[in-house]
Colleague: 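Take this structure first; my questions come after.
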Amino acid sequence: MAATSNGTSGGPNPKPTTGDPATAPASKAYQPANVEPRMLAKWDAAGAFTAHPERVLSGEARPYCILIPPPNVTGALHLGHALNNTLQDILTRAHRMMGFEALWMPGTDHAGIATQAVVERRLLKEQGKKRKDYTREQFVALVQEWKDEYEKRITNQLKAMGCSCDFTRQRFTMDDICARAVREAFFRLFKDGLIYRGKRIVNWDPVLQTAVADDECYDEDVDSFFYYLRYPLVHAMQGPLGTPTLRVGSEKRHSESGGTQGGTQVQPVTWNELASRGYPGADQHPGEQQAWVTVATTRPETYLGDTAVALNPKDPRAKALRCVFVELPIVGRVIPIIEDDYVVLPAAMWDDQEAAKSDPKAQFATGFLKVTPAHDPNDYDLGVKHKLPMINVMAPDGSISDKHGWSDPAETRSAHVFLGKTREEARKLVIAEFKSRNVGDSSGGGGSAGGPAGVHLFEGQKPYRHSVKHSDRSKAIIEPYLSDQWFVKVTDDRLAGSANRALVDEQRTGIKASGDQGTKADSAGDGSLRFYPSRYAKMYEQWHDGIRDWCISRQLWWGHRIPCFYIQISESGRIEAGNPTQIENLVQQNQRHILTELRRESELNGTAQDIWIDERIHAGRFPATVSFPGVSAGKFMIACCKTQQSADFLIRFGKGTGNSTYACDSRLLGIWQDDDVLDTWFSSALWPLSTLGWPDPAQSPQTKGLLEAFNPTSVLSTAREIITLWVSRMVMMNRYLLSGGTLVPSVSSLDNPTTQDRSARDERTTQGNGPVPFRDVFIHAVVQDGDGKRMSKSAGNGVDPLDIIDSHGADAMRFTLAQMTTNTQDVRMPVKPDPKSGKNTSEKFDAGRSFCNKLWNASTGVAIARLSKEPVNIGSSIPANRTLVDRWMLSRLARATAACESCLKNYEFADYVQTLYQLLWWDFCDWYLEAIKPTVDASPEQRAVLRAALDVILRLLHPVIPFVTEAIFEQLAKLPTGSVAGVTLSSIRGDILCTAAWPKLDASLIDEAAEREFERVRELVNTVRNVRSEHQVPPKRRVTLHVSPAIAASLSTSRGLIETLAGIEAIVATPPTHGSPAVAFRAIGEELHLSNLADAIDAGAEKDRLTKQLEQLRKNAGAISGRLNNPGYVDKAPPKLVEESKAQLAKINDEIAAIEGKLGALR
RNA sequence: GGGCGGGUAGCUCAGUUGGCUAGAGCAUUCGCUUUACACGCGAAGGGUCCAGGGUUCGAGUCCCUGCCUGCCCA
């Protein structure tokens, strides 16, 4: 998509700018709406966020790059995005100021199934139309409109939040640049044997008729039943390999005879026979009656696809059942009984009855499990293990069908009753049919109810509540469905192994710190990927240890279409439809001919290297015939294309040779592309490559130089559930596709494609060693509501960032979100509707608003006001001239700057914000500004420090609250600058704050003596304030502080400070006049007095105050002396600590004595 | 079922290798229209650090068990 301008015209902030708020304040409070749009325009005009890769490539600047986790175009951004984007912006802005060439790449994700489902729902609701009422192209165009709309909304939200993204380089996962990367990646992985097509059980959504991923499903408890079905036992002839031939059911067969059908003889097994084989409980049944086993199932309708019954080898019945078969009622299929310890024993057979009670399945189990490999993932595994046939009995819409793998009903009319029924209908019908039949009835017999001697096929049902998978998008119950899908072989060591090796050693389990090498076969890691917080590394590693191949095909229209092509060969009436062997032969005979021709022509027109002609079909890797959804008989996979041109050529080739006749009188009818699209995560996995222009950045001015300059990127900031879905896949793709150090991967020669697999294997052992896509992964917290529930629109507890921006301002939102970002996994945001607007909001954002207001008022109302009155003199602050409070302030600034740098490095956002909160509010506003008010107008030196202090604070705060700081900086920048030795405040570009340099404060500014002395002042002031408050001295009343001559001398430099801050008329070195109203108190280790508090001292209040103090002191003294009386403490604790305790106790005891004396005097 | 978090003041959360009287913001109470800020200033109250056991001179912090709660994976 085209680059979007960084203008504010489309911005969501509706309020117009009403002029310079500094000169025309309508209200005393900071009004973000008056400032934010103007700052956006300013940044835009400066092109401040456009990255310059050439500066990195030339060595002028180090790169700093963050790729935005692309939000879905399904909807607008929510608070979770706001949090993540705030953090990314803090990092980006800070590093930009630190002199890095910063690129924050924005973009959006096409979110295949989610977006398609949203658009389909809207079309149905608004126009009553379904997807298939449109052509594929029409429908995709409609989704594209939706995408354009939401992409715009998302972009505007990002801008309103102040995100310093490089909007000139915005990407979309389906734009041309990303599409090129997808084709290239698919092509390479396919060619290298890392993408394959295969049959698997997938989560099938029968409504949307597509495979969906686990993360697109949710589990919900459903009230259901366990049904108990009886399967009659029979003898059957063995197949050639000792397995029984599946016998097709028959109308003709009678239970009493051993009729033959399809070469298999079937005879009932009687209870007598089982009894003779030692089957427990067989003698409880009439001896001549046909025996049965009872399977327990929650899904009776799938019995149509059963291909075995399984029981546990430890089951005492197992031995007697060997070499016996089961005949599926109605269908008549004869299936084997297999033994597998996967099967849960019924509770009664457990050795440990307690454990059996706690296993709900054991409570319901009969010990016999029906095995339906095509409709249950566990059964599928059993099917593979025991080499069972897989019979799919459903159509893609979930109805019972004989067109997708089930062929027996064609020969048995009885089973026809199920065809076309939905899963729910089929379930009822199966139960009804079982209820109407007896064991021993002919399988196809007419439904007569069991006579008195008959035993119902239906044994009963028990209520059972269990969790059932549903599709997120359609809410339909997921059908485990066997179908043809595309897979990435992530289990390959070049992918999963390489992802684990990317972790830094200290974050890998199984890697000992030193010495014990080789505990893991792949212990030689690259060590460049690091998780913050580190615990997530374990999750990442475990994911790869248990990873399964990744199903990447989706039966959707919205997405990257799989770049693989099929040919169809007509059968000229000579081939029996659906006959695998004949079709296979046809392929064998025709394919080479067609492919040879194709290769020759593609070489002639220059697209040969972009077409991977797949001859592995000969090795049986790709099944020639497929009778499953999406592919019909006679259609074969032939090639994978890398470019649109090569695809076009292929289609032309198909058309042009449509009349050519090949062997067996068959003809090439055409070539067309696979209908499926790729899982959205496939394109997301390439995000660090595609956004930076891979495979050929030079092709577009937007991407030129990006890949070389910015991959590996600096950090990925994302949510934890994304670790498995996205982080892992990006690492695998980046490392694989950039391995070998070549940016543009060379396409291997096609000279010898049939042996490619083996001949290239040795070279490939070095593949997967490319760079990681990002060095750090920061996992941020999940925003929850006040009850710990995840925020979502559907739950009604969501908060829209734009609402917060309207009510509190973008800075306030950012500040609050950053403040909440501690190392925990969740952050709670109590939500309540705003009484005025009805929109959801949270009081938590008040903190951010107050903070911005405080900064605004302190800056404009005090600092800038004073600086404007008496400009700073150039060269005016050198250390020798600094007052205590200036030295202290500079020391605080130097410490805060260092703390901020450390926090940013470690992704400690809450600490970063806390540091700045304390610096601004406690240090700068509460103490520094108050302290300098009486002196600053007369002191050029102090004005220089004030100016520098504000400047440093603005720079440190800018990454968190960019708007208000930029607006203040605008005013500050107009004032002349004085230098403050030790403080460097420079600019990278222009005179705006977002490209001002990060402040440099010399470590020598850290002044411990000034801090100690200021602490004394602060203690004294606090104590005086406390005494005043206890005695209810009116705030305006000036009191007199009496100190000893020694203290008076030591306070000489801070006398004015103390007088200002504590409301003191004078500090005198004489005791209060005897008999005058005065209060004694202790502070800074001395006994001091305040006089002139009031005309008369309230003795009662004073007594209360002292008594309270005394209690506290005695408690403390008790604790310390208790410790000192403990011999263990004195012997074992560090001596320094013991000494400190002793000194402390002495001091407290002194104070206790002094207060006791005073209390005595008061009585 | 496997793995990972959390449980500290009324609320939301800090609390570094175990060591000063366990902190902050909001809320509450009291005082204040003070010349930047009531989105403010000054002061105060408020905690059996989930429970039980263990290690230690000393545990909110380390170990074990249990309870509650949330998430990820299967």
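Keep in mind that the numbers below use all heavy atoms, side chains included, and drop hydrogens, waters and symmetry copies. Within every chain, numbering begins at 1; the chains are lettered A, B, ... in the order of the sequence lines, protein sequences first and strands thereafter.
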Colleague: Output the distance between atom OH (A:Tyr907) and atom OG1 (A:Thr821), rounded to the nearest 0.5 Å.
Modeller: 14.0 Å

Colleague: Expressed in angstrom and rounded to an integer, what is the separation of A:Arg828 atom CZ from B:U8 atom P?
Modeller: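 For the pair A:Arg828 CZ and B:U8 P, the rounded distance is 10 Å.
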
Colleague: Whole Å only: how far is the OH atom of A:Tyr536 from the C1' atom of B:G5?
Modeller: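 To the nearest whole Å, that distance equals 7 Å.
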
Colleague: For the side chain of A:Lys854 and the base of B:C37, is some donor closer than 3.5 Å to an acceptor across the two?
Modeller: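 Looking at the base of B:C37, it does pair with a donor or acceptor on the side chain of A:Lys854 (distance under 3.5 Å).
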
Colleague: Using whole Å, report how far CZ of A:Arg1037 lies from C1' of B:C32.
Modeller: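 Distance, rounded to whole Å: 16 Å.
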
Colleague: Considering every strand and a 4.0 Å limit on heavy-atom distances, what is the contact class for A:Gln914: base, sugar-phosphate, or nothing?
Modeller: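 Sugar-phosphate: the residue A:Gln914, judged by heavy atoms under 4.0 Å, touches backbone atoms but no base.
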
Colleague: Round to the nearest Å and state the distance from A:Phe815 atom CZ to B:C39 atom C1'.
Modeller: 13 Å

Colleague: Under 4.0 Å between a side-chain N or O of A:Lys933 and OP1 or OP2 of B:A36?
Modeller: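 Yes, within the criterion.
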
Colleague: Considering only atom P, compute the distance from B:G47 to B:A9 and round it to an integer number of Å.
Modeller: 10 Å

Colleague: What integer number of Å spans the C1' atoms of B:A14 and B:G60?
Modeller: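 Taking atom C1' in both B:A14 and B:G60, they lie 12 Å apart.
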
Colleague: Taking the same atom, P, in B:G19 and in B:A59, what whole-Å distance lies between them?
Modeller: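 Nearest-Å result for B:G19 against B:A59 at atom P: 11 Å.
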
Colleague: Name the nucleic acid region contacted by A:Gln1144, choosing base, sugar-phosphate or nothing; use a 4.0 angstrom heavy-atom cut-off, strictly under.
Modeller: base

Colleague: Rounding to an integer number of angstrom, what distance separates B:C62 and B:G6 when you compare their P atoms?
Modeller: 9 Å

Colleague: Over all strands shown, is A:Asp1131 touching base, sugar-phosphate only, or nothing at heavy-atom distances under 4.0 angstrom?
Modeller: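 Counting heavy atoms under 4.0 Å across all strands, no contact is made by A:Asp1131.
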
Colleague: Out of B:C37, B:A44, B:A74, which has the shortest distance to the side chain of A:Glu930?
Modeller: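 For A:Glu930, the side-chain atoms sit closest to B:C37.
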
Colleague: If the cut-off is 4.0 Å, is A:Asn1026 near the phosphate of B:G42, judged by side-chain N/O to OP1 or OP2?
Modeller: no

Colleague: Classify A:Glu908 by what it touches in the nucleic acid, base, sugar-phosphate, or nothing, heavy-atom distance under 4.0 Å.
Modeller: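 No contact.
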
Colleague: Measure from the side chain of A:Tyr1129, starting at C-beta and using heavy atoms only, and say which of B:A74, B:G19, B:C37 lies closest.
Modeller: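 Within the option list, the nearest is B:G19.
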
Colleague: Using the test salt bridge (charged side-chain N to carboxylate O under 4.0 Å, His left out), find all partners of A:Arg729 that sit at least two apart in sequence or belong to another chain.
Modeller: none

Colleague: Report yes if a side-chain nitrogen or oxygen of A:Trp922 is closer than 4.0 Å to either non-bridging phosphate oxygen (OP1 or OP2) of B:G23; otherwise report no.
Modeller: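 No, because none of the side-chain N or O atoms of A:Trp922 sits under 4.0 Å from OP1 or OP2 of B:G23.
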
Colleague: For the side chain of A:Glu843, counting heavy atoms from C-beta on, which of B:U12, B:C26, B:G70 is nearest?
Modeller: B:C26

Colleague: Taking the six-membered ring for Trp, are A:Tyr917 and A:Tyr912 closer than 6.0 Å centroid to centroid?
Modeller: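 That pair fails the under 6.0 Å test.
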
Colleague: Is the base of B:A14 touched by the side chain of A:Gln819 through a donor-acceptor pair closer than 3.5 angstrom?
Modeller: no

Colleague: Rounding to an integer number of angstrom, what distance separates B:C4 and B:C63 when you compare their P atoms?
Modeller: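 Between the two P atoms, the distance is 12 Å.
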
Colleague: Please state whether the phosphate of B:A38, meaning OP1 or OP2, lies under 4.0 angstrom from any side-chain nitrogen or oxygen of A:Asn857.
Modeller: no

Colleague: Would you say the side-chain atoms of A:Arg1123 pair up with the backbone N or O of A:Val1138, donor to acceptor, closer than 3.5 Å?
Modeller: no

Colleague: According to the Watson-Crick and G-U wobble definitions, with both distances under 3.5 Å, which nucleotide is paired to B:U29?
Modeller: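 Because both required distances fall under 3.5 Å, B:U29 counts as paired with B:A43.
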
Colleague: Between A:Asp826 and A:Val862, which is nearer to the 5' end of RNA chain B once each is assigned its nearest nucleotide?
Modeller: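 It is A:Val862, whose closest nucleotide lies nearer the 5' terminus.
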
Colleague: Which value, in whole Å, describes the distance between the P atoms of nucleotides B:G45 and B:G5?
Modeller: 38 Å

Colleague: Is there a side-chain contact between A:Lys844 and the phosphate of B:C11, meaning an N or O under 4.0 Å from OP1 or OP2?
Modeller: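 Looking at the OP1 and OP2 atoms of B:C11, neither is under 4.0 Å from any side-chain N or O of A:Lys844.
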
Colleague: Does NZ or CZ of A:Arg895 come closer than 6.0 Å to the centre of the six-membered ring of A:Trp922, within 45° of the ring's axis?
Modeller: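 Negative - A:Arg895 is either too far from the ring of A:Trp922 or too far off its axis.
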
Colleague: Does A:Thr935 form a side-chain hydrogen bond (donor to acceptor under 3.5 Å, both in side chains) with A:Gln942? I'd like the steps, not just the answer.
Modeller: CA-CA 8 Å; A:Thr935 52; A:Gln942 194 155 58; 2.6 Å; yes

Colleague: Quick check for you: to the nearest 0.5 Å, what is the distance between A:Glu1140 atom CD and A:Ile1120 atom CD1?
Modeller: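 Between A:Glu1140 CD and A:Ile1120 CD1, I get 11.0 Å after rounding to 0.5 Å.
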
Colleague: So, is A:Thr822 near the phosphate of B:A14, with a side-chain N or O under 4.0 Å from OP1 or OP2?
Modeller: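 Checking A:Thr822 against B:A14: at least one side-chain N or O falls below 4.0 Å of OP1 or OP2.
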
Colleague: Take atom P in B:U61 and the same atom in B:A22, then report the distance between them in whole Å.
Modeller: 15 Å

Colleague: Need one value for A:Ile1120: base, sugar-phosphate or nothing, where a base atom within 4.0 Å counts as base even if backbone is also close, heavy atoms only.
Modeller: sugar-phosphate

Colleague: When you get a sec, tell me which of B:C37, B:A44, B:U12 is the closest nucleotide to the side chain of A:Glu1030?
Modeller: B:A44

Colleague: Over how many whole Å does the gap from A:Leu855 atom CG to B:C37 atom P extend?
Modeller: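 Between P of B:C37 and CG of A:Leu855: 15 Å.
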
Colleague: Quick one: is A:Ser1029 getting a side-chain N or O under 4.0 Å of the B:A44 phosphate, OP1 or OP2?
Modeller: no

Colleague: Any base atoms under 4.0 Å from A:Val782, or only sugar-phosphate, or nothing? Heavy atoms, all strands.
Modeller: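 Contact class for A:Val782: none.
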
Colleague: To the nearest Å, how far apart are A:Met539 CE and B:C72 C1'?
Modeller: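 Going from CE in A:Met539 over to C1' in B:C72 covers 5 Å.
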
Colleague: Using atom P of each nucleotide, how far apart are B:A74 and B:G15 to the nearest Å?
Modeller: 31 Å

Colleague: Whole Å only: how far is the CE atom of A:Met820 from the P atom of B:C26?
Modeller: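 About 16 Å, once rounded to whole Å.
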
Colleague: Assign A:Tyr917 to base, sugar-phosphate, or nothing according to its heavy-atom contacts below 4.0 angstrom with the strands shown.
Modeller: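 Contact class for A:Tyr917: sugar-phosphate only.
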
Colleague: Need the pair for B:A14. Rule: Watson-Crick or G-U wobble, both distances under 3.5 Å, any strand; none if unpaired.
Modeller: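 Looking at the geometry, B:A14 pairs with no nucleotide.
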
Colleague: Using only side-chain N and O atoms of A:Arg849, determine if any of them is under 4.0 Å from OP1 or OP2 of B:G40.
Modeller: no

Colleague: Which one, B:C41, B:C72, B:G19, comes nearest to the side chain of A:Asp926?
Modeller: B:C41

Colleague: Which part of the nucleic acid, if any, lies within reach of A:Cys852 when heavy atoms closer than 4.0 Å are counted: base, sugar-phosphate only, or nothing?
Modeller: nothing

Colleague: Report the base-pairing partner of B:U48 (Watson-Crick or G-U wobble, both distances below 3.5 angstrom), or none.
Modeller: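 Result: none.
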
Colleague: Under 6.0 Å from the CD atom of A:Gln918, do we count more than 12 heavy atoms belonging to anything else shown?
Modeller: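 Yes, enclosed.
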
Colleague: Quick check against the 3.5 Å criterion: does A:Asn1026 have a side-chain atom that pairs as donor or acceptor with the backbone of A:Asn1022?
Modeller: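 No.
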
Colleague: Provide the Watson-Crick or G-U wobble partner of B:C37, both distances under 3.5 Å; none if there is no partner.
Modeller: none

Colleague: Paired with B:C4: which nucleotide, if any, by Watson-Crick or G-U wobble criteria at under 3.5 Å for both distances?
Modeller: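 Across any shown strand, B:C4 pairs with B:G70.
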
Colleague: Can you measure from CD1 (A:Ile804) to OG1 (A:Thr841) and round to the nearest 0.5 angstrom?
Modeller: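 Between A:Ile804 CD1 and A:Thr841 OG1, I get 3.5 Å after rounding to 0.5 Å.
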
Colleague: Under a 3.5 Å cut-off for both contacts, is B:G19 paired Watson-Crick or G-U wobble with anything, and if yes, with which nucleotide?
Modeller: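 Looking at the geometry, B:G19 pairs with B:C57.
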
Colleague: To the nearest Å, how far apart are A:Arg1018 CZ and B:A43 P?
Modeller: 11 Å

Colleague: Counting any heavy atom closer than 4.0 Å, what does A:Gln784 reach on the DNA or RNA strands: base, sugar-phosphate only, or nothing?
Modeller: sugar-phosphate

Colleague: So A:Asn1022, base contact, sugar-phosphate only, or nothing? Heavy-atom distance under 4.0 Å.
Modeller: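 Sugar-phosphate contact only.
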
